[in-house]
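Worksheet: one structure, shown below.
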Amino acid sequence: MNKKAGGTAAPDRGVGGGIWTFPMIAPSVGLLLIWMVVPLALTLWFSFQRYNLLNPMIKGFAGFSNYVYLLRDPALYTALWTTVALVASVLIVTVVLGTLFAVLFNAQFPGRGVARVLVISPFFVMPTVAALIWKNLLMNPVNGLFAFLMRSVGLQAIDWFGSLPLTSVIIIVSWQWLPFAFLILLTAMQSLDEEQLEAAKLDGAGPFAVFFYIIVPHLKRATSVVIMIETIFLLSVFAEIYVTTSGGPGLATTNLAFLIYQRALLAFNVGGASAAGVIAIILANIVAAFLVRTVARNLD
Amino acid sequence: MAAQTGPATPIGKQLAIGAVAWIVALLMFFPIIWMVMASFKTEVDAIATPPLFVYTPTLENYAAVNAQADYLKFVMNSVVISLGSTILCLALAVPCAFAMAFYPGPRTRGTLLWMLSTKMLPPVGVLVPIYLIGKQIGLLDTRTILIVLYTLMNLPIAVWMLYTFFKEVPKDIIEASRIDGASTWQVISVVLLPLVMPGIASTGLLSIILSWNEAFWSLNLSASNAAPLPAFIASFSAPQGLFWAKLSAASTMAIAPILIIGWLSQRQLVRGLTFGAVK
C-alpha cells in the first residue's frame with residue numbers, strides 16, 4: 001500500500017520531501033484487514049457448520065441447513081420487522097426533531113451556548129445508564145415521574161414496558177440519538193449563506209417558504225449523512241434492550257442483534273447465530289454502500 | 001455564527017425564541033437532572049409517590065456505591081480500557097493519517113474509503129467468532145480483549161478525523177520553513193506538531209468517549225474481572241439489585257467525566273462522527 005508514494009512526488013511537496021510512507025500506513029491497514037477478514041470468514045464458515053457448544057458431539061458440514069432453519073423460523077421475521085421498525089422510528093424522530101432543533105438553536109437568544117450543550121448532553125450518556133434511568137425513574141408505571149404526571153392530569157398511568165415495550169425502547173434510543181442528529185445538522189446550518197436568506201426574505205418569502213425551499217435543501221447532504229450513520233449504529237442496538245426488556249415480552253423487542261445474542265450466548269447455537277450474523281452483515285452493507293459513496297463524493 | 005434571523009433580530013422576538021429553545025433544552029436535559037436529583041435522595045425518597053422535588057439531600061448513596069468492594073475495580077477497568085485503547089489507537093492512526101495527508105499516493109483515497117467500510121461491519125455479525133476466539137486463547141473477561149477491540153473499532157474514525165485535521169495544515173508554512181533550512185524532524189516537531197496538536201487531542205477525546213460508553217462488547221465479553229462501568233450499571237437491571245438512588249449515584253459518577261469531555265470537545269466531534277463529511 002502506498003509504497004514510496006511520497007518518493008515519486010515532487011521533492012518540495014510535503015514535509016520532508018520523499019519519504020517511505022509504507023511503515024506508517026501498514027500497521028493500521030494490516031490490523032484493520034485482519035479485523036475485517038478473520039471474523040467475517042469465521043462467521044461465514046460457522047454458518048455452514050453444525051456447531052453447538054452444548055453438544056460437542058454434533059459436528060460437521062451443515063450445508064445450507066442453518067440458513068434453511070433460520071429462514072423458516074418465524075422469530076427471524078419478527079426480529080427483522082422489529083429491527084426495521086426501531087431503526088425507521090428513531091430515524092424519523094431524530095431527523096425531524098433534529099432539523100427543527102437545528103433551526104431553533106441557530107437563532108440568536110440569550111444563553112444559546114449553554115442551551116446547545118444541554119441538548120447535546122444525552123449523546124454522552126452511556127446506553128446502560130440511559131436505558132435504566134428512563135425505565136425506572138421516568139417510565140415505571142407506579143413510582144415513575146411520567147405515571148405521576150399522567151395521574152395528576154387525571155389520566156391513567158401508562159405501563160410503558162408492559163403495554164408499549166417497543167415504543168418505550170424507541171423513545172429511549174431516540175433520546176440518545178437526537179443530540180447526534182441535532183449536532184450534525186446544526187453544524188450544517190451554520191454554513192448556510194446569510195445573504196441568500198436575506199434575499200429570500202426581501203423577495204417576500206415567509207418562514208415556511210424559507211424553511212422548505214432554502215433550509216431543507218441546504219441540509220440535504222448533512223441529513224443523508226445523519227441517516228446513514230445512525231442506521232449503521234441503530235441496526236445494532238443492543239444494550240438498551242439487554243437492560244430493559246431482554247427482548248420481551250415474548251419477542252416484542254427482539255431485534256436482529258438481540259436474536260443473534262440469544263442464539264449464540266444463551267442457546268450456544270454457533271451455526272444458527274452465525275447464519276443470522278451473516279444476514280445482519282448483509283443488511284448493514286447495503287446501507288454502508290450508500291454511506292461510502294456519499295463520503296467519497298466529499299473526499300475530493 | 002450569525003443568527004439565521006440576522007443581526008437586526010428585535011429583542012422581543014429573541015426572547016420568544018429563547019424561551020422556546022430553553023424549554024426544549026431543559027426537557028432534553030431533564031432525565032439527567034432527575035437522575036442527579038435522585039442520586040442525592042434516600043432510597044425511600046427516590047421511589048416516593050408523588051415524586052419529591054424538594055427533599056433533604058444525602059450523600060449516603062455515593063458512600064454506599066464507593067464502599068462496594070468491587071466498585072473501584074469497575075472504575076479502574078473503564079479507565080485502563082478507554083485510555084489504553086485510545087493511546088494504542090492514536091499510536092496507529094497518527095502516523096497513518098500523517099502519511100496519507102502529507103504524502104498522498106495513488107491508493108490513498110481507496111485506502112481511506114476501505115477503512116471507513118470496516119466500520120460498517122455490525123459488531124453483532126462477528127460476535128460469535130470473536131467470542132470463540134477469545135474463549136480459545138483465554139482472553140474472555142480480560143481488559144486486553146476489550147482494549148484490542150476498542151482500538152480496532154475506533155481506528156477508522158481516528159484515521160479519518162486526523163486526516164481531515166492534517167489536510168487543513170497550510171502547506172505554505174511547511175515549505176517556508178524548509179526553505180529556511182529546517183530539517184525534516186524540525187519541521188515536524190517545531191512547525192507541524194503545534195498545528196496538529198488540537199486535532200490529535202480532540203481525536204483522542206472522541207476515542208475516550210466512544211470506548212468509555214461502549215456497551216455491546218463489554219456486556220458480552222466481560223464478567224467479574226474486566227467489566228467496565230457500562231456492565232456494572234447493567235447489573236442494576238436485576239430485580240433484586242434495583243435501588244433507584246444507588247443506581248442514580250453510580251450512573252451519575254459513571255457519566256460525569258464523559259459529559260464534561262463531551263462538552264469541551266463537541267465542536268470537533270462532528271467531523272470525527274461524520275468521517276469529515278460535515279465540518
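Below, chain A is the first sequence line, B the second, and so on; all start at residue 1.
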Which atoms of A/Leu33 come close to chain B, meaning under 4.5 Å heavy atom to heavy atom: side chain ones, backbone ones, both, or neither?
both

Smallest separation among heavy atoms of A/Asn143 and B/Ile47, with atom names:
ND2-O, 2.7 Å

To check you understand the geometry: which heavy-atom pair defines the closest contact between A/Trp175 and B/Met28, and what is its length?
NE1-O, 2.9 Å

Under the 3.5 angstrom rule, does the side chain of A/Thr128 hit a backbone N or O of B/Pro230 as a donor-acceptor pair?
yes

Show the nearest heavy-atom pair for residues B/Ser237 and A/Leu132, with the distance to one decimal.
CB-CD2, 3.7 Å

Is it the side chain or the backbone of B/Ile261 that comes within 4.5 Å of chain A heavy atoms, both, or neither?
neither

Compare every heavy atom of A/Phe46 with every heavy atom of B/Pro129, then report the nearest pair and how far apart it is.
CA-CE1, 4.1 Å

For the interface with chain B, which of A/Pro23, A/Pro27, A/Pro110 has the highest count of heavy-atom pairs at distances below 4.5 Å?
A/Pro110

Please classify the contact of B/Ala93 with chain A as side chain, backbone, both or neither, using a heavy-atom distance under 4.5 Å.
backbone

Part of B/Leu121 lying under 4.5 Å from any heavy atom of chain A:
side chain

Interface moiety of B/Tyr131 toward chain A, non-hydrogen atoms closer than 4.5 Å
side chain

Greatest number of heavy atom pairs closer than 4.5 Å to chain B - which of A/Asn136, A/Leu97, A/Ile133:
A/Asn136

Plane angle bin for A/Phe148 and B/Phe53 - parallel if under 30°, tilted between 30 and 60°, otherwise perpendicular
tilted

Audit row: A/Ser28, B/Met115, side-chain contact (heavy atoms from CB on, under 4.5 Å) steps and yes/no:
CA-CA 9 Å; A/Ser28 294; B/Met115 283 187 165; 3.9 Å; yes

For A/Val142, is it the side chain, the backbone, both, or neither that has a heavy atom closer than 4.5 Å to a heavy atom of chain B?
backbone

Which region of B/Phe30, side chain (C-beta onward) or backbone (N, CA, C, O), has a non-hydrogen atom less than 4.5 Å from a non-hydrogen atom of chain A, or is it both or neither?
side chain

The interface call for A/Ile120 against chain B, heavy-atom contacts under 4.5 Å, is side chain

Could you give me the CA-CA distance, side-chain angles and deciding distance for B/Met35 and A/Val129, then say whether side-chain contact (heavy atoms from CB on, under 4.5 Å) is met?
CA-CA 10 Å; B/Met35 172 190 79; A/Val129 166; 3.9 Å; yes

What distance do A/Phe233 atom CZ and B/Lys119 atom NZ have between them, rounded to the nearest 0.5 Å?
4.5 Å

Of all of A/Trp134, A/Tyr261, A/Phe124, A/Phe109, which one pairs up most often with chain B through heavy atoms under 4.5 Å apart?
A/Phe124

